[in-house]
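Everything below concerns the one structure shown next.
Here is how names work: the chains are called A, B, and so on, in the same order as the sequence lines, proteins then strands, and each is numbered from 1. On a predicted model such as this, the values are computed, not experimentally measured, just so you know.
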Amino acid sequence: MHDLRLLRERPGELREALRRRGMLDTTGPEVDRAEALERQRRTCIHAAEEKRAEANALTQEVRRHKQAQLDATGLIERGRVLGAELDRLEEERAATEAAFTALALEFPNITLPDVPAGGETANVVIRSWGTPRPADGLRPHWDIAGPDGLGILDLARGAKVAGSGFVAFRGLGARLVRSLMTLMIDLHTREHGYEEVWIPFVVNRASMTGTAQFPKFEEEQYGIAGDDLFLIPTAEVPVTNLYRDEILDAAALPRGFVTYSPCFRREAGAHGKDTRGLLRLHQFDKVELVRYCAPDESPAQLELMTGHAEAVLQRLGLPYRVVLLAAGDTGFAAAKTYDLEVWAPGVGRWLEVSSCSTCTDFQARRANIRFRPGGAAKPAFAHTLNGSAIAFPRLIAALIEHYQEPGGGVRVPDALRPAMGADRLG
RNA sequence: GGACGGGUGGCCGAGUGGUUGAAGGCACCGGUCUCGAAAACCGGCAUACCGGUGAACCCGGUAUCGUGAGUUCGAAUCUCACCCCGUCCGCCA
């Protein structure tokens, strides 16, 4: 959601933003429609308010007549007529407003100036860490961890109980998941200053709209039959909506929250892509960071938070690179995003394990998350940021592939040994 | 899931159809008093949107008493649905 004034006063800016995302052809005409609707909306408001003022004055007139014990039937009759006209005007206003709002919710956030225009091919590798292990002779993680290997990953039975894209970890595999959760949350709370939260794994429609999954991406979400509730696609949704319709204490900003959650995604339209092993799942686990800050702080906060996510990979000794996403590859609500990609030598690919974004005031407007800047000033929209730190399945894939040994075993990285109580998987 | 009770401004809390955007109190801000403070007293104290020159001040208007719809010339007040909170019952981890 954008400032209405942006659309009214600087529609060119919105068009330019859409061009950089490569969406101008498809979404550009919608801007024209929105502009027209916004003008019509104000005309309607004006007409309806004038009529209502007239009706209100009449009502007072009726009251005075009644008080003075005068006959008011004529006035009441006029009021009836006025009321009918008002109903018609209100109806028109509501319809126009609904059409406008529906449209306004479909425009993506405006990317920051340092985000390159264009699609995926315009992404930029900003930096990298560690030395990627050569892929020669290394096996993919499903091979190592599957039933013919360590037996810690059971894809077949996951598919049996839920369907393709749902997995079961077992034994040390399950313990690895639990250990990763502990490692990451401890790191972010103890060393990066995040407050740990535990949140609902289902959310209502208002929350989904607040963080901009709705209305545009409703078909991507799992709904709960019989209730207007949805499985979360990321903890970003419940954690960011924690402060929906609230005014944050400015003295407490910037502030960060860390949480674990499972994430549920229908991945509609992604069938057949990256379907092997742990590369793309309908349910996966993730530790998520969410930060709230004042507008002038958000660029630095993004760098800071990205560093926090990187720290996990460094702790685990896994080579990775940081990619600045081009506008077309940047998520709907985000203004700037860094992806963290970890090297998985078994599949010979860089795997996206984190996405760290600033959403500027885009989500804050939708979710009405504000703070009071300076002492007495009026509340202003906060900026929200979120980043995975880190998503588990691809991390586990990379970890297994990176630490695999010739005999088919997998070494447990030092940082995980206390929680795992083991130095090898299998 | 069932029964009953309740949702009013930053907080507490009046208010069952008409000068109620809403009494009173607390908190907060300004002032008088005081060497200073407290107390006391006086005054102020919601937000959003539309328009008056797209600044400020100000002025006019509209909306907002959980949400939405309805009745009415007129709704915080009456009706219906929904949401949330409390208490009891049922059920369960």
Side-chain angles (χ1 to χ4, degrees), chain A residues 1-14 34-102 104 198-210 214 223-230 238 241-252 262 361 364-382:
Chain A
M1 179 72 97
H2 298 284
D3 190 347
L4 291 187
R5 274 172 300 197
L6 174 74
L7 197 61
R8 194 189 300 163
E9 295 161 17
R10 293 166 292 147
E13 230 170 272
L14 186 54
E35 277 186 275
L37 278 169
E38 155 62 8
R39 276 192 299 274
Q40 192 187 339
R41 174 180 152 270
R42 274 187 296 159
T43 306
C44 286
I45 287 175
H46 198 62
E49 286 190 352
E50 263 183 357
K51 189 62 74 178
R52 185 168 297 283
E54 197 182 334
N56 285 348
L58 186 67
T59 285
Q60 291 309 309
E61 200 53 34
V62 171
R63 188 183 53 76
R64 277 191 287 271
H65 271 66
K66 293 236 170 175
Q67 254 170 7
Q69 313 237 326
L70 297 171
D71 175 54
T73 49
L75 293 174
I76 287 172
E77 186 47 44
R78 247 184 75 203
R80 236 190 286 275
V81 174
L82 221 50
E85 291 173 27
L86 192 56
D87 282 348
R88 193 185 50 75
L89 285 170
E90 273 299 324
E91 209 169 301
E92 190 182 340
R93 185 196 58 78
T96 308
E97 212 159 81
F100 172 76
T101 306
W198 192 274
I199 38 74
F201 298 154
V202 300
V203 294
N204 55 29
R205 187 167 288 277
S207 293
M208 280 293 202
T209 307
F214 283 8
I224 310 274
D227 290 287
D228 206 26
L229 293 172
F230 306 87
N241 277 284
L242 239 30
Y243 286 93
R244 172 155 48 83
D245 293 321
E246 290 197 42
I247 297 177
L248 294 155
D249 178 11
D361 65 357
R365 282 181 191 284
R366 290 179 165 238
N368 192 28
I369 300 166
R370 297 176 294 169
F371 75 107
R372 213 176 284 279
K378 287 167 62 167
F381 290 112

Whole Å only: how far is the CD atom of A/Gln60 from the C1' atom of B/G17?
13 Å
Inter-nucleotide P distance (B/G30, B/A38), Å rounded:
11 Å
Between P on B/C50 and CZ on A/Phe100, what's the gap in Å once rounded to a whole number?
11 Å
In whole angstrom, give me the gap between the P atoms of B/A76 and B/G7.
16 Å
Tell me whether A/Glu49 is salt-bridged to A/Arg52, with the criterion being a basic N under 4.0 Å from an acidic carboxylate O.
no
Who passes salt bridge (Lys or Arg N to Asp or Glu O under 4.0 Å) against A/Glu92, sequence neighbours left out?
none
In this structure, CD of A/Glu54 is separated from OG1 of A/Thr59 (nearest 0.5 Å) by 11.0 Å
Of all pairs that satisfy salt bridge (charged side-chain N to carboxylate O under 4.0 Å, His left out), the ones with a partner from residues 36-47 of chain A, not counting sequence neighbours:
A/Arg8-A/Glu38, A/Glu38-A/Arg41, A/Glu38-A/Arg42, A/Arg41-A/Glu97
So, using side chain to side chain donor-acceptor pair (under 3.5 Å) as the criterion, who are the partners of A/Asp227 when residues are at least two apart?
none
Side-chain heavy-atom pair A/Leu229, A/Val203 within 4.5 angstrom cut-off
no
Whole-Å C1' distance, B/C11 and B/G36
31 Å
From CD of A/Glu50 over to C1' of B/A63, roughly how many Å is that when rounded to an integer?
16 Å
Give me the distance, rounded to whole Å, that separates B/G68 from B/A75 when you measure between the P atoms they each carry.
15 Å
Taking the P atom of each, how far is B/C57 from B/C42, in whole Å?
30 Å
Once you round it to whole Å, what is the distance between C1' of B/U47 and CD of A/Glu246?
17 Å
Salt bridge (Lys or Arg N to Asp or Glu O under 4.0 Å) partners of A/Asp228, counting only residues at least two apart:
A/Arg205
Is a side-chain donor-acceptor pair under 3.5 Å present for A/Ser207 with A/Asn204?
yes
B/G90 and B/G74, which share atom name C1', separated by this distance in whole Å
46 Å
To the nearest angstrom, how far is A/Arg41 atom CZ from B/A63 atom P?
16 Å
Under-4.0 Å side-chain N/O to phosphate OP1/OP2 contact, A/Asn204 with B/C83
no
Could you spell out the base pairing of RNA chain B as a dot-bracket line? Use Watson-Crick and G-U wobble contacts where both distances are under 3.5 Å, [ ] for crossing pairs, | for partners on a different strand.
((((((((.[[[..)..(.....]]].(((((.......))))).(((((((.....))))))).[[[[[..)....]]]]])))))))....
Round to a whole Å and report the spacing from CZ of A/Arg52 to P of B/A75.
8 Å
For A/Gln69, give me all partners under side chain to side chain donor-acceptor pair (under 3.5 Å), at least two apart in sequence or on another chain.
none
Using the test ring pair (Phe, Tyr, Trp, His ring centres under 6.0 Å), find all partners of A/Phe214 that sit at least two apart in sequence or belong to another chain.
A/Phe230
Using atom P in both nucleotides, what's the gap between B/U77 and B/U16 to the nearest angstrom?
12 Å
Taking the nucleotide of RNA chain B with the nearest heavy atom to each, does A/Arg42 or A/Glu49 sit closer to the 5' end?
A/Arg42
My understanding is that only residues two or more places apart in sequence, or in another chain, count here; which of them pass side chain to side chain donor-acceptor pair (under 3.5 Å) with A/Glu246?
none
Nearest-angstrom distance from the residue atom NE2 of A/His46 to P of B/A63
15 Å
Salt bridge (Lys or Arg N to Asp or Glu O under 4.0 Å) filter on A/Glu35, not counting sequence neighbours, yields A/Arg15
Enumerate the protein-to-nucleotides 67-74 of chain B contacts in which both atoms are nitrogen or oxygen and the separation is below 3.5 Å.
residue : atom : partner : partner atom : Å
B/C73   : OP1  : A/Arg80 : NH1          : 2.3
B/C73   : OP1  : A/Arg80 : NH2          : 3.4
B/C73   : OP2  : A/Arg80 : NH1          : 3.2
B/C73   : O4'  : A/Ile76 : O            : 3.4
B/G74   : O4'  : A/Thr59 : OG1          : 3.3

Listing time: all N or O pairs from protein to nucleotides 7-12 of chain B that are below 3.5 Å?
none

Whole-Å distance, A/Glu54 CD to B/G60 P, equals 19 Å
Distance-only check: which donor-acceptor pairs under 3.5 Å involve side-chain atoms of residues 76-88 of chain A, not counting sequence neighbours?
residue : atom : partner : partner atom : Å
A/Glu77 : OE1  : A/Arg80 : NE           : 3.3
A/Glu85 : OE1  : A/Lys51 : NZ           : 2.6

Nearest-angstrom distance, C1' atom, B/G13 to B/A27
14 Å
